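Please read the structure below before turning to the comments.
Side-chain atoms are counted along with the backbone in the values below, which use heavy atoms only and exclude waters and symmetry mates. Keep in mind that this is a model prediction, so the values were computed, not measured.
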Amino acid sequence: MIELKGVSKGFIGQNGAFKAVDQVSLSIEKNELFGVIGESGAGKSTLLRFINALEQPDEGRIIVDNVDVQQLSKKELRLYQKKISMIFQQFNLLSNKTVEENILLPLELYDYKQTLPIETVLDFVGLNDKRTSYPAELSGGQKQRVGIARALITRPTILLCDEPTSALDQGTTKEIVDVLKRAHQEFGMTVVIVTHELEVIKELCSRAAVIEKGRLIDTIQVTRKNEQK
Ligand code: ADP
Ligand code: ADP
């Protein structure tokens, strides 16, 4: 379980100091598909960076599986971060590396013990035939599939998605939402997805936090029309 307890973060902006995140408390269950929705600048990405410990809150605590993330030693923190994968709006692929090399990158940078075979993740995202292609040869949806494969290969327990469909058209958004849904079913992990698109939340998440100007203003339970089918 991921618990944010009264976390805040201030920054200095053009009009002086402001709170990008203001006293946010929320709990995300293990294996949940949890959404964070709000406008650009609301503080959503900062919340994600709290979870993977790339950002420290000024106040409040981040507790993951009963461990206070800010109390971890350097070594423990590395182990913790290795269990978290991230996917991005702009995919963050290396243009001079092939699809396969991009997917294998985390394994090159860090020492993982239990990873998925490259064939398994390529199969899963349906990019077997693009193995030796370069990012420039791919469509947006294919690039995000590479991003998802790169995130899955390390067998994360937490998958953080920062506006994963915001650079994609409507049809491709549906496609990527479906891949994420299948990834959650097949590999079982906690997924936190930040977006400004309500449709994505409706399709994918069980619950979502609504963030406005750094504040948590509501937590919504998502019900789907076709859920009983
Ligand atoms: P969102 O993901 O909802 O778009 P962010 O969490 O990225 O929002 O940012 C919230 C606000 O904090 C924005 O106004 C952003 O410009 C500002 N911000 C984020 N990180 C920094 C930083 N490192 N320094 C200064 N301002 C920042
Ligand atoms: P996102 O697109 O995910 O909301 P941003 O592009 O806002 O992320 O932020 C990317 C990086 O730039 C982050 O590390 C964030 O902390 C930093 N950043 C964002 N806004 C500002 C800002 N106004 N001043 C300085 N750094 C910022």
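- Heavy-atom minimum distance, Pro135 versus Ser95: CD-O, 3.8 Å.
- Here the side chains of Arg150 and Asn92 are in contact, with some heavy-atom distance below 4.5 Å.
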Using residues 4-16 as the side-chain source, report each donor-acceptor pair under 3.5 Å to any protein atom, sequence neighbours left out, with the distance given to one decimal.
residue	atom	partner	partner atom	Å
Ser8	OG	Gln23	N	2.8
Lys9	NZ	Gln56	O	2.8

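- In this structure a side-chain-to-backbone donor-acceptor pair under 3.5 Å is missing from Lys143 to Ala136.
- For the atom pair Leu54 CG and Thr46 OG1, the distance stands at 11.0 Å (nearest 0.5 Å).
- Heavy-atom contacts from other residues, nucleotides or ligands closer than 6.0 Å to CG of Asn128 number more than 12.
- Residue Gln142 comes nearest to Leu127 through the heavy atom pair O-CD1, 3.7 Å, listed as atom of the first residue, atom of the second, then distance.
- A salt bridge links Glu199 with Lys202: at least one charged nitrogen is closer than 4.0 Å to a carboxylate oxygen.
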May I have the list of side-chain donor-acceptor pairs in residues 105-112 shorter than 3.5 Å, sequence neighbours left out?
residue	atom	partner	partner atom	Å
Tyr112	OH	Lys82	O	3.2

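- Thr165 and Glu197 are linked by a side-chain donor-acceptor pair at a separation below 3.5 angstrom, with hydrogens and angles left out of the test.
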Check the pair His196 / Ser166 against side chain to side chain contact (heavy atoms under 4.5 Å, CB included), numbers first and verdict last.
CA-CA 8 Å; His196 65 276; Ser166 300; 3.5 Å; yes
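- Residues Lys44 and Leu48 fail the side-chain proximity criterion, which asks for heavy atoms closer than 4.5 Å.
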For Arg131 and Glu119: C-alpha separation, side-chain torsions, deciding distance, then whether side chain to side chain contact (heavy atoms under 4.5 Å, CB included) applies.
CA-CA 10 Å; Arg131 201 168 174 148; Glu119 290 76 18; 3.3 Å; yes
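- Test Thr98, Asn102, Val121 against Val146 for side-chain contact (heavy atoms from CB on, under 4.5 Å) and you get one pass: Asn102.
- A salt bridge links Asp65 and Lys30; the closest N-O separation between the charged side-chain nitrogens and carboxylate oxygens is under 4.0 Å.
- Interatomic distance, CD of Gln89 versus OG of Ser45, reported as 8.5 Å (0.5 Å rounding).
- Counting only distance, with no hydrogens or angles, the side chain of Thr195 and the backbone of Ile37 share no donor-acceptor pair below 3.5 Å.
- Note on Leu122: it clusters hydrophobically with Leu180, by side-chain heavy-atom contacts below 4.5 Å among ILVMFWY residues.
- Tyr80 and Leu72 get closest at one heavy-atom pair: CB-CD1, 3.8 Å.
- Residues Leu26 and Ile193 do not share a hydrophobic cluster, defined by chaining ILVMFWY side chains whose heavy atoms lie under 4.5 Å apart.
- Connection of Leu93 to Leu104 is established within a shared hydrophobic cluster, with ILVMFWY side chains joined at heavy-atom distances below 4.5 Å, either directly or through further cluster members.
- Salt-bridge annotation for Glu203 and Lys174: absent, with no side-chain N of the basic residue lying under 4.0 Å from a carboxylate O of the acidic one.
- With a 4.5 Å cut-off on side-chain heavy atoms, Leu216 and Ile211 count as touching.
- Heavy-atom neighbours of Arg207 CZ from other residues, nucleotides or ligands within 6.0 Å: above the threshold of 12.
- In plain terms, the two heavy atoms of Gly140 and Leu168 that are nearest each other are C-CD2, 3.5 Å.
- Going from atom CD1 of Ile2 over to atom CD of Glu32 covers 9.0 Å, rounded to the nearest 0.5 Å.
- Remark: Phe34 CZ to Ile158 CD1 distance equals 13.0 Å, nearest 0.5 Å.
- Looking at heavy atoms from C-beta onward, Glu175 lies in side-chain contact with Arg145 at the 4.5 angstrom threshold.
- When the side chains of ILVMFWY residues are joined at heavy-atom separations under 4.5 Å, either directly or via intervening members, Ile87 and Leu116 end up in a single hydrophobic cluster.
- The NE2 atom of His184 sits 8.5 Å away from the CG atom of Leu204 when rounded to the nearest 0.5 Å.
- Nearest heavy-atom pair, Pro164 versus Val194, reported as atom, atom and distance to 0.1 Å: CD-O, 3.7 Å.
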Gln144 and Thr172: CA distance, side-chain angles, deciding distance, side chain to side chain contact (heavy atoms under 4.5 Å, CB included) verdict:
CA-CA 10 Å; Gln144 193 58 294; Thr172 313; over 6 Å; no
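- The environment of Glu137 atom CD is dense: over 12 non-hydrogen atoms of other residues, nucleotides or ligands sit within 6.0 angstrom.
- Side-chain atoms of Asp169 come within 3.5 Å of backbone atoms of Gly171 as a donor-acceptor pair (strictly under, hydrogens ignored).
- Within the 4.5 Å cutoff, the side chain of Met189 has heavy atoms near those of the Leu152 side chain.
- Atoms CD1 and CD1, on Ile148 and Ile153 in that order, are 14.0 Å from each other to the nearest 0.5 Å.
- Contact detail for Ile84 and Asn52: the closest heavy-atom pair is CD1-CA, 3.9 Å.
- The main-chain N or O of Ser133 is never found under 3.5 Å from a side-chain atom of Glu100 such that the two would form a donor-acceptor pair.
- Cluster membership for Val21 and Leu160, using ILVMFWY side-chain heavy atoms within less than 4.5 angstrom, is shared.
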